[in-house]
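Everything on this sheet refers to the single structure shown next.
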Amino acid sequence: MHEYFVAQQLIKIAEDELKEVRPKKVLSVKVVVGELSGIIDESLKFYFDVLTKGTILEGSKLEIVQKKALLFCSSCQSLFERTKDFLCPKCKSLGKLTEHGKEFYIESIEVDDGNGN
Amino acid sequence: MGMEIKVIKDILQRNEFSADNIRKLAKENKWFLINVMGSPGAGKTSFIKAMINTFKDKFNIAVIEGDVASTIDAEEISKLGVGVLQINTGGACHLVADSINEALLNLNLKRSTVVFIENIGNLICPSSFDLGENMRVVVSSAAEGDDKPYKYPIMFESSDIVVLSKIDVAEIIGFDMEKYTKGLKAIKGDNLKLFGVSFKTLEGLTELESYFSKLFSSYFNQK
């Protein structure tokens, strides 16, 4: 729901990263988004396209890698994908929230550096 | 040809820098900041008003009211005789640390003040934005249903205490307390601090007041 703000921050970080590289062209920006972060991919892509106009990132593609929310079952000692009632599908014990699904970061930027490599 | 630049940077890092500034400022001035979150209509303003009435003669209190556009809550609170500053986010779904930083400087707060920050009514976005607060409270009403911890786990995980409001209507609307508590346990484990209250009938308010009374006393009595 705050994709506009997020897109602004994202572009700012990418621009800072690219200051020293000075690429010929930016091809793509890869971000990792956990499903619990509340970010809607389509909305983020929309704002990314609008807000990159006139910047070094104009025309680049926003690549979103989605991560599922995983819960930990202490009885089976294993991770499972979030279920509606948080119960482990194998043993029906109550799972615990983990860091899986909270991801929200820029992983990498792909550029054309004009050096033919 | 393509070349990959590794970045690995938190997208909300700028907000974090600003939140760190607030933490520094609050520590120097001995302010205690409470970020109050929850759905629209959960009872965030009622919670703040109840706390003001209980503690205004013992501690300095101020309020930062976040709202999408209106000043209704700020007007209500200013009637209680404490300093209020309104932040209108102009449609945004959450408060950011930058605006809290500015608000704190504009409030001319005394040393040792409790500052309640009423966040925008929303169970998703506010949990992602660190405001440099000392504690987070989520006000979740029985009327919203017993499935809220399962649907919005991050909000509950990021909160230090859960105030379950409107418990006076829980039974009538078929609110399943066991299901609700089970979801919270999965999220909070043994750290769960849950207070069931009704700001209308005042049921459960004594426990909540005594919790905050101890918390404020120990914070402000530190050397």
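Note on naming: letters A, B, ... go to the chains in the order of the sequence lines (proteins, then strands), and numbering restarts at 1 for each one. All values below were derived from every heavy atom in this structure, side-chain atoms included, with hydrogens, water molecules and symmetry-related copies excluded.
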### Message
Heavy-atom pairs under 4.5 Å with chain B: which of A:I13, A:T83, A:V31, A:V32 has the most?
### Response
A:I13
### Contacting moiety of B:K151, where chain A heavy atoms sit under 4.5 Å
backbone
### Query
Do B:F195 and B:F212 make the cut of ring centroids closer than 6.0 angstrom?
no
### Query
Under a 4.5 Å heavy-atom cut-off, does chain A meet the side chain of B:Y152, its backbone, both or neither?
neither
#### Entry: Whether A:E3 side chain and A:I40 backbone form a donor-acceptor pair below 3.5 Å
yes
### Query
Side chain, backbone, both or neither: which part of A:V29 has a non-hydrogen atom closer than 4.5 Å to chain B?
neither
### Query
Where does A:S37 contact chain B at under 4.5 Å (heavy atoms): side chain, backbone, both or neither?
backbone
### Query
Under 3.5 Å, is there a donor-acceptor pair between the side chain of B:S127 and the main chain of B:S158?
no
### Task
Sort B:E157 into side chain, backbone, both or neither according to what part of it lies under 4.5 angstrom from a heavy atom of chain A.
side chain
### Query
Minimum heavy-atom separation for A:V111 to A:P23, with atom names?
CB-CB, 3.6 Å
### Task
Name the member of A:E107, A:Q9, A:K84 that forms the most heavy-atom pairs with chain B at distances under 4.5 Å.
A:E107
### Query
For A:K24, is it the side chain, the backbone, both, or neither that has a heavy atom closer than 4.5 Å to a heavy atom of chain B?
neither
### Task
With a 4.5 angstrom heavy-atom cut-off, could you sort out which part of A:F72 is near chain B: side chain, backbone, both or neither?
neither
### Query
Tell me, side chain or backbone of A:L94 under 4.5 Å from chain B's heavy atoms, or both, or neither?
side chain
### Query
Hey, are B:D67 and B:Q86 close enough side-chain-wise for a donor-acceptor pair under 3.5 Å?
no
### Message
Under 4.5 Å from any heavy atom of chain B, what part of A:K12 do you find: side chain, backbone, both or neither?
### Response
side chain
### Task
Give, as side chain, backbone, both or neither, the part of A:E17 having an atom under 4.5 angstrom from any heavy atom of chain B.
side chain
### Query
Has the side chain of B:N29 got a donor or acceptor atom that lies under 3.5 Å from a matching backbone atom of B:L25?
yes
### Message
Please find the pair of heavy atoms, one from B:I120 and one from B:C93, that lie closest to each other, and give the distance.
### Response
CB-O, 3.5 Å
### Spacing of CG belonging to B:N35 relative to CZ belonging to B:F129, to within rounding of 0.5 Å
12.0 Å
### Task
List the atom of B:L95, the atom of B:N119, and the distance in Å for their closest heavy-atom pair.
N-OD1, 3.2 Å
#### Entry: Segment of A:L71 engaging chain B (4.5 angstrom heavy-atom cut-off)
neither
